[in-house]
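Just so we're clear, the structure is a prediction, and the values are computed from it rather than from any experiment. One-based numbering along the sequence shown.
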Amino acid sequence: MTDRSGLSRRSILLGGAGASLTIASPFVHVTPARADKGEIVVAGWGGSRTTAMREVMFTPFEKATGIRVRDDGPPEAAKVKAMVDSGNVTWDILDTDIPAILAMVNAKLLEPIDYSKLDKAKLGKIPPVLHHPYGLGHLIYSFNIVYNTKAFPNGTQPKTWADVWDGVKFKGARSFPFRGGLSPQLEFAAIADGVPADKVYPLDIERAWASHDKLRPLVTKWYANHAEAIQLLSSGEIDICCTIGPRGLVAKKEGAPIDVEFAGGKLAPDNWAIVKGSRNAEAVYQFLNFVIDGKVQAELAKRIPYGPSSQDAFAHLSEAEAKELNTSPDNLAKQFWTDIDWWGKTAENGKTNNENQIERYARWMVKRG
C-alpha cells in the first residue's frame, strides 16, 4: 500500500503508504569482500531505500559473513507466485508490508518465520505486535497530520484529529487519500468523533462513517498517492493533510514548508518475509539476526526517516535524530498500531472488512450532497 509507483500494493489492506522515498534509482549489486559462501536475494522497492540498506545492512553483512546479498524486485505477489508455482524460487527474502504478506500467506507463498532461530536479546527490543508469524517488522511508517508551516507557524497547527475536523478554528484546505483502492481513514474519523485511540478497534463503522461525512466539505483535494500529497502541501495548494509523516519529514529536510504532528498517528510496519521454497534458510536467518540489531537499524534511520522497529536503535541516535522518528519513545507513546487482524477479518458477506470499506468508499465518493 504505497506509492513506490506501486500504490496498489499497500492499498490491499490499510489504505496505506509508502515507506520508501523513491524508486527511480537502479538496483545495486556489490561483490562480496570475503570468500564466497553463497548468496541471498532480497526483493524490495529500490531507490534511496535500497541504497541506504546496501550501505548499512547488505555490504556490512557481506563483509561479516562472506554471504553475498543481491537485491531485486519489486516484491509483487504475482512474481512470487510464479516462482513458487514453477519451483524456480530465486528470491529469499521480501521487504514488504503486512497487507501484501497476508495476501501471500493466503496463497501459500511464504514460509513461517522460525523465531527460535533469532537472537532473543535483539528480538526482545522489537515490540511483540511486530512479530507476525510470516513477517518481522523492521521499518515503520505512519499516517500523521502533516501541515504547511506557512499556514500554521510556530505551533499553531492542528494537534488532534478533532482539530483537523474543525474547519472553523483551523481554517485551510485539506487533503485525504482516495483512488487506487485505498481504504478510508475510518480510525481518524472515529477518533475525531471522540473515540479514544486505544478503544478504536473494533471500529464502530457507522459512527466512523457519520464522522467521515463531516470531513467531506473540508477536503478540497483527494490525493492519489503520497508524492502528490507532499507536492500539494509544498506548493501551498493545501494546508492540512493526512499522509505519511516520514515523507513529510523528507520534504522538510529538502526545504519544503512542511512539518509533522505525531499525536494521534497510525503506525504500521514494513517487514522481512521469507519466500516459500527458499534454498538458503541458514543464510536467511543469519541475515535477519544481523539486520534486527539496534545499531544497524539506527544507521538506516539516519539515512531514511522511517521508524526503526528496535527500541535499542535509540541508544545509538542523538536526541535530535530521535525527535523526528515515529517510533522514538516519545512519539511512539502518542500513536497507535493499525489493527491488521480487524481489517483482514471476513464479514458476513464473505469479504474482508477492508474490501467492504473500499467498496463503500467508492460509493461514498460519488454520492451527491
Ring geometry between Trp342 and Tyr201 (parallel below 30°, tilted from 30 to 60°, perpendicular above 60°): tilted
Residue pair Ser211 / Ala189: nearest heavy atoms and the distance that separates them: OG-O, 2.7 Å
Polar side-chain atom of Ser86 near backbone of Met83 as donor-acceptor pair, under 3.5 Å: yes
Distance, nearest 0.5 Å, that separates CD1 of Ile40 from CZ of Arg68: 11.0 Å
Electrostatic pair Lys266:Glu187 at N-O distance under 4.0 angstrom: yes
Ring geometry between Trp209 and Trp364 (parallel below 30°, tilted from 30 to 60°, perpendicular above 60°): tilted
Working for salt bridge (charged side-chain N to carboxylate O under 4.0 Å, His left out), residues Lys81 and Asp85: CA-CA 6 Å; Lys81 179 174 172 52; Asp85 287 350; 2.9 Å; yes
Rounded distance (nearest 0.5 Å) linking atom CG of Asp312 with atom CD1 of Ile292: 10.5 Å
Salt bridge (charged side-chain N to carboxylate O under 4.0 Å, His left out) evaluation trace for Asp71 with Arg54: CA-CA 9 Å; Asp71 47 87; Arg54 177 153 294 285; 2.7 Å; yes
Parallel, tilted or perpendicular: rings of Phe170 and Phe152 (30°, 60°): tilted
Donor-acceptor pair, side chain of Gln335 and main chain of Asn331, under 3.5 angstrom: yes
Pair Gln297-Ser309, side-chain donor/acceptor within less than 3.5 Å: yes
Ion pair Arg70/Glu39, N-O distance below 4.0 Å: yes
Stepwise salt bridge (charged side-chain N to carboxylate O under 4.0 Å, His left out) test for Lys323 and Glu319: CA-CA 6 Å; Lys323 182 180 179 180; Glu319 183 177 346; over 6 Å; no
Donor-acceptor pair, side chain of Thr327 and main chain of Pro308, under 3.5 angstrom: yes
Criterion salt bridge (charged side-chain N to carboxylate O under 4.0 Å, His left out) on Lys252 and Glu324, from CA distance to verdict: CA-CA 11 Å; Lys252 175 184 175 181; Glu324 294 196 328; 2.5 Å; yes
Ring pair (Phe, Tyr, Trp, His ring centres under 6.0 Å) between Phe61 and Phe290, worked out: CA-CA 7 Å; Phe61 175 75; Phe290 187 88; 5.6 Å; yes
Salt-bridge criterion met for Lys351 and Glu359 (N-O under 4.0 Å): yes
Glu261 (side chain) donor-acceptor with Ala263 (main chain) under 3.5 angstrom: yes
Side-chain touch Trp222/Pro177, heavy atoms, less than 4.5 angstrom: no
Interatomic spacing from CD1 in Ile205 to CZ in Arg360 - rounded to 0.5 Å: 7.5 Å
NZ on Lys171 to CD1 on Ile240, rounded to 0.5 Å: 11.0 Å
Full working for ring pair (Phe, Tyr, Trp, His ring centres under 6.0 Å) between Tyr223 and Phe178: CA-CA 6 Å; Tyr223 68 80; Phe178 183 67; over 10 Å; no
Flag if over 12 foreign heavy atoms under 6.0 Å of CD, Glu55: yes
Residues Ser318 and Glu321: side-chain donor-acceptor under 3.5 angstrom: yes
Test item: side-chain donor near acceptor, Asn354 and Ser183, under 3.5 Å: yes
Within-4.5 Å side-chain heavy-atom neighbours: Val89 and Lys276: no
Contact summary for Asp239 and Gly236, nearest pair of heavy atoms: OD1-O, 4.3 Å
Interatomic spacing from CG in Leu288 to OH in Tyr115 - rounded to 0.5 Å: 9.0 Å
Any donor-acceptor N/O pair, Asn271 side chain to Pro269 backbone, under 3.5 Å: yes
CZ on Phe58 to CE on Met53, rounded to 0.5 Å: 6.0 Å
Under-4.0 Å salt bridge between Arg49 and Asp95: yes
Minimum side-chain heavy-atom gap Ile258-Ser234 below 4.5 Å: yes
Asp270-Trp45 side chain donor-acceptor pair, cut-off 3.5 Å: no
Contact summary for Leu317 and Ala298, nearest pair of heavy atoms: CD2-O, 3.6 Å
Geometric class of the His212/Trp165 ring pair [parallel <30°, tilted 30-60°, perpendicular >60°]: perpendicular
Test item: Leu325 and Phe314 side chains (from C-beta on) under 4.5 Å apart, heavy atoms: yes
Whether Lys122 side chain and Asn289 backbone form a donor-acceptor pair below 3.5 Å: yes
Min side-chain heavy-atom separation Phe143-His226 under 4.5 Å: yes
pair Val195-Arg207: side-chain heavy atoms closer than 4.5 Å: yes
Heavy-atom donor-acceptor pair, Asp92 side chain to Val41 backbone, under 3.5 Å: yes
Plane angle bin for His132 and Tyr134 - parallel if under 30°, tilted between 30 and 60°, otherwise perpendicular: tilted
Residue pair Ile230 / Ala251: nearest heavy atoms and the distance that separates them: CG2-CB, 3.6 Å
Donor-acceptor pair, side chain of Arg174 and main chain of Ile238, under 3.5 angstrom: no
Option from Asn106, Leu94, Leu110 for which side-chain contact (heavy atoms from CB on, under 4.5 Å) with Ile101 holds: Leu110
Ser116 versus Asp114, side-chain donor and acceptor atoms under 3.5 Å: yes
Where Leu203 and Ala190 come nearest, the two heavy atoms and their spacing: CD2-CB, 4.2 Å
Heavy-atom side-chain contact between Cys241 and Ser175 under 4.5 Å: yes
Donor-acceptor pair, side chain of Thr352 and main chain of Gly344, under 3.5 angstrom: no
Side chain to side chain donor-acceptor pair (under 3.5 Å) assessment of Asn154 paired with Thr156: CA-CA 6 Å; Asn154 304 318; Thr156 61; over 6 Å; no
Shortest non-hydrogen separation from Lys79 to Pro74 and the atoms involved: NZ-CD, 3.3 Å
Flag for Gln185-Trp161: side-chain donor and acceptor within less than 3.5 Å: no
Asp213 side chain near Lys367 side chain, heavy-atom distance below 4.5 Å: yes
Residues Lys295, Glu299: salt bridge by 4.0 Å N-O rule: no
Side-chain hydrophobic cluster, 4.5 Å single linkage: members besides Leu218: none
Asn326 side chain vs Ile140 backbone, donor-acceptor pair below 3.5 Å: yes
